[in-house]
Amino acid sequence: MRTPTGRGGRHRSVRVKAPGKVNVSLKVGPLRADGYHSVASVYLAVSLFEEVIATSTSEPGVTVSLSPESTLDLDDLDIPLDERNLAVRAAMLMAEMTENPTGVHLRVTKRVPVAGGMGGGSADAAAALLACDALWGSGLSKEELAHVAAELGADVPFALLGGAAVGLGVGDQLSPALATSRFDWVLVPAEFGLSTPRVFAELDRLRDEEGISAAEPSGVEPAILAALRTGDAGGLSHLLVNDLQRAAIGLAPQLRDTLGWADSNGALASIVSGSGPTIALLSRDADAAADLAADLAHRGVEALAVHGPVPGARIVSDTVL
Ligand code: ATP
């Protein structure tokens, strides 16, 4: 077991990065008695990374700050810096499972749009879990870490795992999917966030209004997994599906503009990512994604070219201070 404060009682800093995600397929079942929805989801981790630096402190407890290296405008962010913060909750949970944890300060670099449907908070939680595990030498197995991750939120286990995966249950029961080729996307973040519970509630409301009784999602279309496996972006473009999309559009009708523009301006397909409002445009290749992002930038629309799959949470450095 490593000593939490390093040689000679000095402090240690562990830096971990964890990716945001898009859902290339998201089927949502009816509202369950426990207030959750069963889903059948295909996650793809993309090259937009959150980072958490966990530094041991002499004072006990968990503190958090946002790093000025963040690419998001820190003044505009609605992120709690107390025990409601997902990274803090992750560290507190790890501390409960560790003998004699030190205090820890978490410095979070935000790059994934907040409340954007890309699992940014979940990526912070996954990064904090892995960082504290290393800092405190908790010795948890991969399975145990995934179990702790699921306690923090449905998308946290995938941020740990990365790559591509099918998520059942509430999205936390993961099976890795084979995806060896790179898929290129352009992300269009919105200037506003959407609360995930609100988007699910809007879907329930729309279904009630239309008298639709949704079926429990039984699994994922084999064709989607085949397109991922063979790197067939054209094939995948016909299969993208998101049951939450119309609920997100119901709450934010302006999303239609970007979706419509993308479809007639070179994207293979466009989809709201998860609960939105970030929109993900699938591109033929990296050059097409760069062109699309440049076109959008020219129109004054923020756009980020990314690719996936990329690995899940990884330790970048482990330094004795
Ligand atoms: P998901 O797709 O996983 O449901 P999201 O990507 O839409 O989530 P997040 O950016 O994860 O949304 O944040 C959702 C809310 O969680 C925010 O509005 C914020 O108040 C709260 N939150 C707590 N911790 C964090 C964190 N570390 N980073 C961002 N938001 C956080």
Side-chain angles (χ1 to χ4, degrees), residues 16-24 26 28 36-37 39 41-46 48-54 62-67 70-74 76-93 105-132 149-161 165 167 170-172 174 187 189-203 242-245 247-248 251-252 255 271-280 312-313:
V16 173
K17 67 178 193 174
K21 54 83 185 168
V22 296
N23 302 81
V24 297
L26 181 54
V28 179
Y36 289 91
H37 296 76
V39 303
S41 167
V42 181
Y43 291 105
L44 186 71
V46 295
L48 191 59
F49 292 96
E50 299 279 280
E51 273 187 17
V52 172
I53 302 176
V62 181
T63 53
V64 67
S65 61
L66 300 178
S67 164
S70 301
T71 51
L72 306 182
D73 184 355
L74 294 183
D76 282 352
L77 297 186
D78 173 25
I79 298 180
L81 296 177
D82 52 26
E83 62 283 349
R84 289 168 300 163
N85 189 293
L86 274 174
V88 172
R89 286 183 47 212
M92 289 171 71
L93 211 50
H105 178 73
L106 306 169
R107 198 166 74 139
V108 181
T109 304
K110 297 291 307 174
R111 300 195 181 95
V112 175
V114 175
M118 290 193 60
S122 301
D124 296 343
L129 276 185
L130 199 61
C132 291
E151 284 186 39
L152 291 160
D155 291 342
V156 184
F158 179 70
L160 267 184
L161 180 71
V170 292
D172 58 328
L174 295 177
L187 301 174
E191 279 157 5
F192 55 92
L194 280 177
S195 139
T196 303
R198 212 172 141 223
V199 177
F200 274 94
E202 175 65 6
L203 178 64
N242 181 359
D243 282 353
L244 291 177
Q245 176 155 317
L251 295 172
L255 296 177
I271 193 165
V272 168
S273 175
S275 53
T278 305
I279 291 174

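These figures come from a predicted structure and were not determined experimentally. Whatever order the structure lists ligands and atoms in, that order sets their numbers, starting from 1.
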| remark: Note: Leu174 and Ala165 closest approach over all heavy atoms is CD2-CB, 4.3 Å
| note | When distances are taken from atom 7 (O) of ligand 1, the protein heavy atom at minimum range is Gly117 N, 2.8 Å
| task | Go through the steps for Lys110 and Glu50 under the test salt bridge (charged side-chain N to carboxylate O under 4.0 Å, His left out), then give the verdict. | result | CA-CA 5 Å; Lys110 297 291 307 174; Glu50 299 279 280; 2.7 Å; yes
| query | Is it the side chain, the backbone, both or neither of Ala154 that has a heavy atom closer than 4.0 Å to ligand 1? | reply | neither
| Tell me: protein heavy atom nearest atom 19 (C) of ligand 1, and distance? | Asp78 O, 3.5 Å
| How close do Ala131 and Ala54 get, heavy atom to heavy atom, and via which atoms? | CB-CB, 3.6 Å
| query | Please state which protein non-hydrogen atom is closest to atom 6 (O) of ligand 1 and give its distance, to 0.1 Å? | reply | Gly119 N, 2.7 Å
| task | Determine whether any heavy atom of Gly274 lies closer than 4.0 Å to an atom of ligand 1. | result | no
| said: Quick check: Gly276 and ligand 1, any N/O pair under 3.5 Å apart? | reply: no
| field | Residue pair Glu151, Leu93: steps toward the side chain to side chain contact (heavy atoms under 4.5 Å, CB included) verdict | value | CA-CA 9 Å; Glu151 284 186 39; Leu93 211 50; 4.0 Å; yes
| said: Quick check against the 3.5 Å criterion: does Asp243 have a side-chain atom that pairs as donor or acceptor with the backbone of Val28? | reply: yes
| Taking the six-membered ring of Tyr43 as reference, does the NZ or CZ atom of Lys21 fall below 6.0 Å from its centre and within a 45° cone about the axis? | no
| said: Out of Asp155, Thr278, Val88, who is nearest to atom 1 (P) of ligand 1 when you count heavy atoms only? | reply: Asp155
| Leu187 versus Thr278: any side-chain heavy-atom pair under 4.5 Å? | yes
| query | Which atoms from ligand 1 have a heavy atom of Gly120 less than 4.0 Å away? | reply | 6 (O), 11 (O)
| said: Between ligand 1 and Val114, is the shortest N or O to N or O distance under 3.5 Å? | reply: no
| said: With heavy-atom distances below 4.5 Å as the criterion, would you say the side chains of Val88 and Asp82 are in contact? | reply: no
| N/O of Leu194 under 3.5 Å from N/O of ligand 1, yes or no? | no
| Shortest protein heavy-atom distance from atom 22 (N) of ligand 1, along with the residue and atom involved | Pro80 CD, 3.9 Å
| request: Answer yes or no: is there a donor N or O on one side and an acceptor on the other, between the side chain of Ser273 and the main chain of Gly117, under 3.5 Å? | output: yes
| query | Can you find a non-hydrogen atom of Ser122 under 4.0 Å from ligand 1? | reply | yes
| said: Any nitrogen or oxygen of Leu86 lying under 3.5 Å from a nitrogen or oxygen in ligand 1? Just yes or no. | reply: yes
| message | Among all protein heavy atoms in this structure, tell me which lies nearest to atom 13 (O) of ligand 1, with the distance rounded to 0.1 Å. | response | Ala115 N, 3.7 Å
| said: If we only consider heavy atoms of Lys110, is any one of them less than 4.0 Å away from an atom in ligand 1? | reply: yes
| Where is the nearest protein heavy atom to atom 4 (O) of ligand 1: which residue, which atom, and how far? | Thr196 OG1, 2.7 Å
| query | Taking non-hydrogen atoms only, is Asn85 closer than 4.0 angstrom to ligand 1 via side chain, backbone, both or neither? | reply | both
| task | Give yes if a backbone or side-chain nitrogen or oxygen of Ala87 is under 3.5 Å from a nitrogen or oxygen of ligand 1, and no if not. | result | no
| message | Within ligand 1, which atoms have a heavy atom of Asp124 less than 4.0 Å away? | response | 26 (C), 27 (N), 28 (N)
| task | Check whether any side-chain heavy atom of Ile271 lies under 4.5 Å from a side-chain heavy atom of Ile279, and answer yes or no. | result | no
| query | Which value, rounded to the nearest 0.5 Å, describes the distance between Leu106 atom CG and Glu51 atom CD? | reply | 13.5 Å
| said: Give me the nearest non-hydrogen protein atom to atom 31 (C) of ligand 1 as residue plus atom name, then the distance to 0.1 Å. | reply: Ile79 CG2, 4.2 Å
| said: When you compare ligand 1 with Gly121, is there at least one nitrogen or oxygen pair between them that comes in under 3.5 angstrom? | reply: yes
| message | Protein non-hydrogen atoms only, distance under 4.0 Å: does atom 16 (O) of ligand 1 have such a neighbour? | response | no
Would you be so kind as to tabulate the donor-acceptor pairs closer than 3.5 Å made by side chains of residues 189-200, with sequence neighbours excluded?
residue : atom : partner : partner atom : Å
Ser195  : OG   : Arg198  : N            : 3.2
Thr196  : OG1  : Ser275  : OG           : 3.1

| request: Check for a donor-acceptor pair, side chain of Asn242 on one end and backbone N or O of Val272 on the other, with a separation under 3.5 Å. | output: yes
